[in-house]
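Because the structure is predicted, anything quoted here is derived from the model rather than measured. First listed ligand is number 1; within each ligand, the first listed atom is number 1.
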Amino acid sequence: MSARFTSYTDVRPEVAAFESYEPGLSIAEIASRYGLSRVIKMASNENPLGVSPRVRQVIADKAVDAFRYPQSGNPRLVKALAEHCGVDAKRICVGNGSDEIIDLLFRIRCVPGVHNAVAFRPCFGIYPTQARMAGVELRQTPLNPDFSFDFDGLLELVDENTTLAFVTTPDNPSGRIASVDELEKLARALPPSCLLVVDEAYTEFAGPEHSLLSRLEELPNVALLRTFSKVYALAGLRIGYGILPPALADYMWRVRLPFSLNILAEEAALAALADAEFRDETVSLVRRGRAFLTEGLREAGCEVLPSMSNFLMFRPGAGTVDARALHGELLKKGIIIRSLKAYQLPEWLRVSMGTDEENELFLKYTKEILGA
Ligand SMILES: *Cc1c(COP(=O)(O)O)cnc(C)c1O
């Protein structure tokens, strides 16, 4: 008889250690459970404006081409991104979300069981899962108590076998930004064999002066990660990219699954990149909402971290209801925000910026629930 997989002992131990994914309630399920006609999702840092009309039109127009394979190497998108970022096209690799780029970084840069990677705690959930899947140790050091970055603590984890160091800025879930001078100092302090990976998923909400992009030529061990999931409003199409040392980008293209960026995603990304008007509108909406909700939540007695992103991390003041209760009560009103239990921060919550109207409703209900 041929070998069969009969139990978990037949998979790699790294795989057996994964828990199965438990999806949360869908919008439809929440609506029916609480008898709501409208549910507002402010939980996943998505773009509150939805897909731009121009991009929607392009997706519809290009549906006719879906029977074809995408062009290998996605040369049109690579060229457009290189122009947009002002970098050599040899630095760009695009993927099925920046998640794919992160996964490939572990598999390209780290020999399983030999090399390690470092990051802060808490961090974006994909870093630890893909490290485990790749058989790579991820060492983590806590953020400072105010959620700012302890770069000395990060450096202490680094040894001669550290080949990746992750920093997210603006950070998720705090919204805090790292100074570019500090990042440059970190890059120079790391051994040359360690790549500093700066995850800039939210960089457009902070502004270009907070990116290492303009210093890449002087910093050979730095990679930037970007995504179309946030400011470009295309989370569901899965498009991300790395701005990498050219030799690393070359290897990434060699090993990446050949068609991981599908043909409609590529067309949508090209259209979104050209739609500066939509991007500007998103950024001004988010910045307006951020100022409005930071002030409003503080008025309501909450502690709010200073955010440069499209979300806020906050917790109710002492003596009112706790985070868990506020989260549950908002759900009954049809507003979904993010509990940070999964980040081991059960007393904190994260709310993504909505439209002006959604922000006002969220604040109105929050004030009612907190008795503010
Ligand atoms: C949302 C987010 C991303 C984007 O991931 P995609 O796979 O491109 O959707 C990357 N990093 C962080 C920290 C994020 O919060």
Side-chain angles (χ1 to χ4, degrees), residues 21 41-48 51 55 74 77 81 85 92-107 117-131 133 138 140 143 147 149 164-178 183 196-206 210-212 223-244 252 256-257 260-262 264-266 268-269 272-273 282 286 305 307-313 337-340 342-343 345 348-353:
Y21 179 70
K41 189 172 168 219
M42 301 170 80
S44 300
N45 305 340
E46 293 154 348
N47 192 312
V51 182
V55 173
N74 308 96
L77 182 56
L81 284 169
C85 299
I92 307 277
C93 184
V94 300
N96 191 259
S98 40
D99 291 357
E100 183 181 26
I101 308 289
I102 295 165
D103 179 63
L104 287 169
L105 283 171
F106 283 111
R107 294 196 287 150
V118 299
F120 289 107
R121 185 191 308 277
C123 70
F124 187 45
I126 293 292
Y127 311 156
T129 55
Q130 300 325 109
M133 188 56 192
L138 181 69
Q140 291 181 267
L143 291 164
F147 298 93
F149 303 87
L164 292 172
F166 285 90
V167 176
T168 311
T169 180
D171 203 5
N172 179 11
S174 76
R176 278 201 189 272
I177 198 111
L183 286 172
L196 173 61
V197 182
V198 185
D199 187 338
E200 297 192 334
Y202 302 96
T203 195
E204 293 87 352
F205 304 112
H210 297 288
S211 171
L212 271 189
L224 307 181
L225 302 181
R226 298 207 171 167
T227 181
F228 281 77
S229 297
K230 312 286 162 45
V231 79
Y232 294 99
L234 292 172
L237 282 189
R238 314 303 306 128
I239 309 150
Y241 62 104
I243 308 171
L244 311 165
M252 199 168 275
R256 199 199 71 151
L257 284 173
S260 66
L261 195 83
N262 74 70
L264 293 181
E266 181 171 21
L273 211 50
T282 298
V286 162
L305 296 184
S307 171
M308 293 291 271
S309 197
N310 66 342
F311 51 82
L312 291 175
M313 181 167 151
I337 64 170
R338 175 60 60 94
S339 140
L340 295 180
Y343 288 84
L345 300 166
W348 292 89
L349 297 164
R350 192 189 69 196
V351 60
S352 313
M353 298 306 103

| request: Please determine which of V286, I177, N45 meets the side chain to side chain contact (heavy atoms under 4.5 Å, CB included) test together with F205. | output: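 Option passing the side chain to side chain contact (heavy atoms under 4.5 Å, CB included) with F205: V286.
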| request: Nearest 0.5 Å please: distance from the CD1 atom of I126 over to the CG atom of D199. | output: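 The CD1 atom of I126 sits 10.5 Å away from the CG atom of D199.
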| message | Going by ring pair (Phe, Tyr, Trp, His ring centres under 6.0 Å), name the residues that satisfy it together with F166, two or more places apart in sequence or in a different chain. | response |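 Result, ring pair (Phe, Tyr, Trp, His ring centres under 6.0 Å) vs F166: F106, Y127.
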| What residues sit with at least one heavy atom under 4.0 Å from ligand 1? |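 Ligand 1 is contacted, at a heavy-atom distance under 4.0 Å, by G97, S98, D99, F124, T168, N172, D199, A201, Y202, T227, S229, K230, R238.
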| query | Looking at residues at least two apart in the chain, or sitting in another chain, which of them share a side chain to side chain contact (heavy atoms under 4.5 Å, CB included) with V51? | reply |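 So V51 forms a side chain to side chain contact (heavy atoms under 4.5 Å, CB included) with V55, R56, L234.
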| task | Kindly indicate whether the side chain of W348, heavy atoms from C-beta on, has any atom under 4.5 Å from the side chain of L305. | result |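 Side-chain contact under 4.5 Å: yes.
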| query | Can you name the salt bridge (charged side-chain N to carboxylate O under 4.0 Å, His left out) partners of R338, sequence neighbours left out? | reply |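 With sequence neighbours excluded, R338 shows a salt bridge (charged side-chain N to carboxylate O under 4.0 Å, His left out) to no residue whatsoever.
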